[in-house]
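These numbers come from the heavy atoms of this one structure, side chains and all, not from hydrogens, waters or symmetry mates. Chain naming here is simple, since letters A, B, ... match the order of the sequence lines and numbering starts at 1 in each.
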Amino acid sequence: MPLFLYNDLTHQKEIFTPLEKGKVRFYVCGPTVYDYIHVGNARPFILFDILRRHMEDMGYEVVYVQNFTDIDDKMINKARDLGISVDELAERFITAYFEDADALGIRRATIYPRATHYIPQIIKLVERLIERGHAYVVDGDVYFDVLSFPGYGRLSKQSLEELLSGARVEIDPKKRHPLDFALWKAQKPGEPAWDSPWGMGRPGWHIECSAMAIDILGETIDIHAGGSDLLFPHHENEIAQAEAATGKAFVRYWIHNGYLLIEEEKMSKSLGNIVSVREAMRLYSPLAIRLFMLSAHYRSPLSFSGEALNHAVSAAGRLQNGWKELSFALQHRPRKKERDDVLRETIEATEARYEEELNDDFNTAGALGAAFDCVRAVNSYLAQHEEVDEESLIEAERFLARVDRVMGIIGIERLADIDDLMTSEIERLVSERERARKAKDFKKADAIREELAKKGIILEDTPHGTRWSKAM
RNA sequence: GGCGGCAUAGCCAAGUGGUAAGGCAAGGGACUGCAAAUCCCCUAUCCCCCGGUUCGAAUCCGGGUGCCGCCUCCA
């Protein structure tokens with residue numbers, strides 16, 4: 001089954017085919033680096049990274065670009081409040097972004113362009129728009145002329161009149177049309193500025209993404225993603241600028257994730273109801289946060305709550321335990337000669353379903369269901385059979401490792417991250433404890449368990465021996 | 001006012017024409033020196049309401065009710 005994605009440009013699910021066979025050009029709108037990111041910001045970053053990993057898992061080469069907006073009103077105001085330069089502010093929160101994103105297990109993008117590093121490309125794009133009659137200069141500002149671009153409103157599915165009617169846009173006498181937007185803003189006193197054909201100034205918000213995407217990925221890219229709040233005006237404007245300048249289709253598939261809600265309301269800075277990623281990670285593991293993000297379809301709203309996160313903690317524990325149980329069985333159970341076809345078929349069916357779900361518009365909740373089915377099948381099998389079918393269990397192990405590689409919700413790498421010396425020491429103590437238990441020397445057995453617990457090693461006594469693992 | 005989305009068990013949630021995935025919680029059982037866990041089983045005659053189409057609908061159509069988002073900075 002090929003990959004289907006819901007395209008916001010056409011408002012329907014479509015088969016995904018990249019412009020160039022085997023290669024995907026993927027652009028995601030990144031953060032404005034004026035503060036720590038909150039969990040609502042993290043939703044697209046986690047989700048689209050996983051979509052990209054799934055594409056790689058399917059054999060695509062993915063060039064994945066995520067920008068940093070490091071110059072705009074919010075940056076200028078915040079820098080002023082803190083008494084530092086806009087550049088220092090950007091450095092500080094880009095560093096913070098990487099700390100948070102790395103901790104959340106978000107894989108690094110191929111490239112992280114910054115708006116201020118693309119000023120020449122931005123200026124060139126604005127010049128092109130002026131030449132082609134899509135933009136005009138007023139007192140050092142440059143505006144995009146929406147009336148000159150007939151397709152304006154296609155993405156948000158609204159005509160100019162409709163967009164205006166509910167409008168809370170203030171009338172700006174400089175603009176020809178109220179929906180015209182700034183491509184370049186003339187410098188105000190004290191603001192950072194760059195030299196341009198229209199005098200000192202800085203880029204408008206929307207132009208940076210078009211300029212960077214075009215420069216890095218080309219005039220037509222495969223996927224452009226971001227939160228739904230970017231649909232209008234940000235992405236609508238990006239299309240207008242890019243297509244008016246190049247005359248080519250800018251983005252082939254637009255995808256947007258639904259909002260993260262808190263107490264039934266959108267989590268956003270202006271509402272003041274945010275939970276930062278840092279705060280969330282003090283309480284919940286990255287695995288649980290990731291699982292939580294995957295538990296609903298990416299286009300649906302998702303409610304953040306302590307209850308929901310606690311559910312995710314338990315669910316992630318179940319997956320991880322399933323993995324541990326499986327590894328333990330493969331190491332310690334006697335092998336059976338003949339194959340178990342029922343188990344094998346179940347595992348295969350489960351993996352096939354996992355793929356189908358992800359390929360059906362990135363249905364992560366469905367794919368998770370398949371992963372849980374696999375765990376239950378294995379657990380159930382291990383509960384009923386003393387001797388095990390090694391081949392089938394290896395199949396299951398391979399599948400769960402794949403789930404973890406794409407979704408990052410089991411933590412296999414961290415579980416295995418123990419050096420050999422430590423491992424042999426642990427195993428020596430575990431067998432010493434086993435002997436003590438057999439000799440009914442429970443005092444000693446408990447002491448060993450205590451000692452290892454202090455080192456972050458958890459012991460669990462099972463009917464098949466004592467299983468140990470890292471505390472996570 | 002315009003545009004769009006959602007309504008499925010106690011909670012979260014998938015499923016969009018063929019007879020209700022999965023997770024959490026609760027209940028029952030297993031295991032166990034203890035503890036902490038863990039595992040297994042079980043849970044919706046039914047998918048907001050009313051009407052229609054169909055052999056057949058949670059899924060399609062019409063109407064209604066409720067909730068949310070966008071049209072302004074926002075992931």
In whole Å, what separates the [atom1] atom of [N] from that of [M]?
{"N": "B:rA44", "M": "B:rA7", "atom1": "C1'", "value": "16 Å"}
{"N": "B:rA58", "M": "B:rG1", "atom1": "P", "value": "33 Å"}
{"N": "B:rC39", "M": "B:rA75", "atom1": "P", "value": "39 Å"}
{"N": "B:rA13", "M": "B:rG17", "atom1": "P", "value": "22 Å"}
{"N": "B:rG28", "M": "B:rU19", "atom1": "C1'", "value": "29 Å"}
{"N": "B:rC48", "M": "B:rG56", "atom1": "C1'", "value": "23 Å"}
{"N": "B:rU43", "M": "B:rG10", "atom1": "P", "value": "15 Å"}

**Out of B:rC73, B:rA21, B:rG23, whichever nucleotide has its closest atom nearest the side chain of A:Phe372** =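 Nearest to the side chain of A:Phe372 among the choices is B:rG23.
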
**Request:** Compare the minimum distances between each of B:rC3, B:rC31, B:rG23 and the side chain of A:Ala315, then state the nucleotide with the smallest one.
**Result:**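 Within the option list, the nearest is B:rG23.
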
Could you tell me whether [X] contacts a base, only the sugar-phosphate backbone, or nothing, with contacts defined as non-hydrogen atoms closer than 4.0 Å?
{"X": "A:Gly40", "value": "base"}
{"X": "A:Ser268", "value": "base"}
{"X": "A:Leu231", "value": "nothing"}

**Asked** Does the ring centre of A:His332 sit less than 6.0 Å away from the ring centre of A:His464?
**Response**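 No, too far apart.
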
**Asked** For RNA chain B, which consecutive runs of 3 or more Watson-Crick or G-U pairs (each distance under 3.5 Å) count as stems?
**Response** B:1-7 with B:65-71, B:10-12 with B:22-24, B:27-30 with B:38-41, B:48-52 with B:60-64

**Prompt:** Looking at A:Tyr6, is A:Arg299 sitting on its ring face, NZ or CZ under 6.0 Å from the six-membered ring centre and within 45 degrees of the normal?
**Reply:** yes

**Request:** Give a yes/no verdict on a cation-pi contact between A:Lys13 and A:Phe4, requiring under 6.0 Å between NZ or CZ and the six-membered ring centre and an angle within 45° of the axis.
**Result:** no

Can you tell me the distance, in whole Å, between the [atom1] atom of [X] and the [atom2] atom of [N]?
{"X": "A:Asp461", "N": "B:rA30", "atom1": "CG", "atom2": "P", "value": "19 Å"}
{"X": "A:His235", "N": "B:rC71", "atom1": "NE2", "atom2": "P", "value": "13 Å"}
{"X": "A:Tyr152", "N": "B:rG2", "atom1": "OH", "atom2": "P", "value": "21 Å"}
{"X": "A:Gln384", "N": "B:rG29", "atom1": "CD", "atom2": "C1'", "value": "14 Å"}
{"X": "A:Glu357", "N": "B:rG15", "atom1": "CD", "atom2": "P", "value": "7 Å"}

**Within residues 430-448 of chain A: residues closer than 4.0 Å to RNA chain B (heavy atoms)** =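 A:Arg433, A:Arg437, A:Phe442, A:Asp446 - these, ordered by number, are the residues of the stretch whose heavy atoms sit under 4.0 Å from the strand.
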
With a 3.5 Å cut-off and no angle check, do the side chains of [X] and [Y] form a donor-acceptor pair?
{"X": "A:Ser392", "Y": "A:Glu395", "result": "no"}
{"X": "A:His235", "Y": "A:His256", "result": "yes"}
{"X": "A:Glu265", "Y": "A:Tyr259", "result": "no"}

**Prompt:** Do side-chain atoms of A:Glu236 reach the backbone of A:Arg154 as a donor and acceptor pair under 3.5 angstrom?
**Reply:**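 Yes, A:Glu236 side chain to A:Arg154 backbone: donor-acceptor pair under 3.5 Å.
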
**Polar side-chain atom of A:Arg202 near backbone of A:Lys185 as donor-acceptor pair, under 3.5 Å** = no

**Message:** For the OG1 atom of A:Thr462 and the CD atom of A:Glu325, what is their distance to the nearest 0.5 Å?
**Reply:**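 Separation between the atoms: 6.5 Å.
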
**Asked** Any donor-acceptor pair under 3.5 Å joining the side chain of A:Arg318 to the base of B:rC39?
**Response**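 Per atom types, no contact qualifies.
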
**Message:** For B:rA35, does the base pair up with any side-chain atom of A:Arg449 as donor and acceptor (N or O, under 3.5 Å, distance only)?
**Reply:** yes

Does a side-chain N or O from [X] land closer than 4.0 Å to OP1 or OP2 of [N], or not?
{"X": "A:Asn321", "N": "B:rA37", "answer": "no"}
{"X": "A:Arg467", "N": "B:rU38", "answer": "no"}
{"X": "A:Asn310", "N": "B:rC24", "answer": "no"}
{"X": "A:Lys266", "N": "B:rC70", "answer": "yes"}

